[in-house]
2 protein chains.
Amino acid sequence: MESAAATRRTVLDAAAELLAEGGPDAVTLRAVSARAGVSRGAPYGHFPDKEHLLAAVAAESWVTLGDQLDDLIADERPSPAERLERALSVLLEVGRRRPHTYALMFSAPNDEHPGALAAVSRTNDQFLAIVADVIGDPQRARPIGALLMSSVHGIVAMENSGQLTVEKWQVTGDELLKMLIDRIA
Amino acid sequence: MESAAATRRTVLDAAAELLAEGGPDAVTLRAVSARAGVSRGAPYGHFPDKEHLLAAVAAESWVTLGDQLDDLIADERPSPAERLERALSVLLEVGRRRPHTYALMFSAPNDEHPGALAAVSRTNDQFLAIVADVIGDPQRARPIGALLMSSVHGIVAMENSGQLTVEKWQVTGDELLKMLIDRIA
DNA sequence: GTTCTTCATGTGACGTTGTCATATGAAGTA
DNA sequence: TACTTCATATGACAACGTCACATGAAGAAC
């Protein structure tokens, strides 16, 4: 009888790795079990089904992102505007470096997975604080924050689907991000 | 021996319906065949595999969207700015009314599906023409078009994943679209 | 030390999926 | 009539998510 928490961690890590490496289709329960070094049935002791396992992976990714934002907020050196640009770049980089993980994070977080919902809500609040620091008016921070968040998400999605090519649009995602921030501030 | 083209159409329509009704998981080859009134193996005479069948569905959706844009471009009554807003609204509406179809349209159109690529390229060009008509400078139309396209795509994606709630951000997707256009023109 | 309970883990089985090899059978041609 | 062609039908296969059940180790009770 292995430590319950330890097995949970191993399974979670294996699922996260397989997702990052080979996309959602590579995350079969059998592959996860094999990589985690446990049997096929072991994950069922810790996650009701595959969906909940993936939701846990997504939630953990949101928590990691939230921790990065916390570091960014705690750093006094950059100006508010610089902080905003860095915050958005962090999201962009996740989308580029781990496209499948990123896609999972933004795929409908069901009401059945409160952990994922809470993690998303936390990052939203952090992001809103950063935006409010730039805007000044906290009332207007929310709509503008939504615009920034949506736009950056769209940039990542179009990059990853291969539809944001330089030949077609003559811009890079980073340039779009800069255009966006210029039109806000 | 049924007419080859007719079977192809029936299968394609069945797949499109199942996608719109029940999402990607509902589009099983067996369900498609049953709805189309053909046997399980029939689709393989017209599409190499499931991926190509779905790519054909996506391509057709892009063509439909392109036709709508053509109508919009041909209509002389609205101002260029109004046309732009309507064009973006068309995209938004597709995302709302047929979220699964929309998601498929924006999921990586592989190089192996030239039909889908061509259909996407056509709508991109149409959209760029509409943007250039507003901006004036055709040189700047491309980056700005990319920004608009990406942002609207992000709005739709966040709406459909349930992350763009009014309670959290105190805006609707439509209001974001208006904010966006105001900051461009 | 022995017995009992508990609980995570291991395993065989089931239905469903995408896919293929092969069989069927209708249309057109000689 | 006999033959070719080609779309359609069907049985089979491996792999999938999932479940019911078996196994076996750790701690408690005697």
From the list C:dG10, C:dT19, D:dT8, which nucleotide is the closest neighbour of the side chain of B:Ser39? D:dT8
Rounded distance in Å - NZ (B:Lys50) to P (C:dC20): 14 Å
Is B:Thr7 near enough to D:dT8 that one of its side-chain N or O atoms lies under 4.0 angstrom from OP1 or OP2? yes
Looking at C:dC20, I'd like to know if its phosphate oxygens (OP1 or OP2) sit under 4.0 Å from a side-chain N or O belonging to B:Tyr44. no
Which is true for B:Val27 with a 4.0 Å heavy-atom rule: it touches a base, it touches only sugar-phosphate, or it touches nothing? sugar-phosphate
Contact class for B:Gly41 (heavy atom, under 4.0 Å): base, sugar-phosphate, or nothing? base
Side-chain contact check for B:Arg30: nearest option of D:dC16, C:dT9, C:dG18 is C:dG18
Ignoring hydrogens and angles, answer whether the base of C:dG12 and the side-chain atoms of A:Arg40 contain a donor-acceptor pair closer than 3.5 Å. yes
Check the distance between C:dT19's C1' and B:Leu53's CG and give it to me in whole angstrom. 14 Å
Any base atoms under 4.0 Å from B:Val32, or only sugar-phosphate, or nothing? Heavy atoms, all strands. nothing
Could you tell me whether the side chains of A:Glu51 and A:His113 share a donor-acceptor contact shorter than 3.5 Å? yes
Can a salt bridge be assigned to the pair A:Glu175 and A:Lys178 using a cut-off of 4.0 Å between side-chain N and carboxylate O? no
Which of D:dT18, C:dG18, D:dT8 is nearest the side chain of B:Leu29? It is C:dG18
Relative to the 5' end of DNA chain C, which residue comes earlier, B:Glu51 or A:Val38, by the nucleotide with the nearest heavy atom? A:Val38
How close do B:Ser33 and B:Pro43 get, heavy atom to heavy atom, and via which atoms? OG-CG, 3.7 Å
Between B:His153 and B:Tyr102, is the ring centroid distance below 6.0 Å? yes
If I take atom CZ in residue A:Phe47 and atom P in nucleotide D:dT18, what distance separates them, rounded to the nearest angstrom? 13 Å
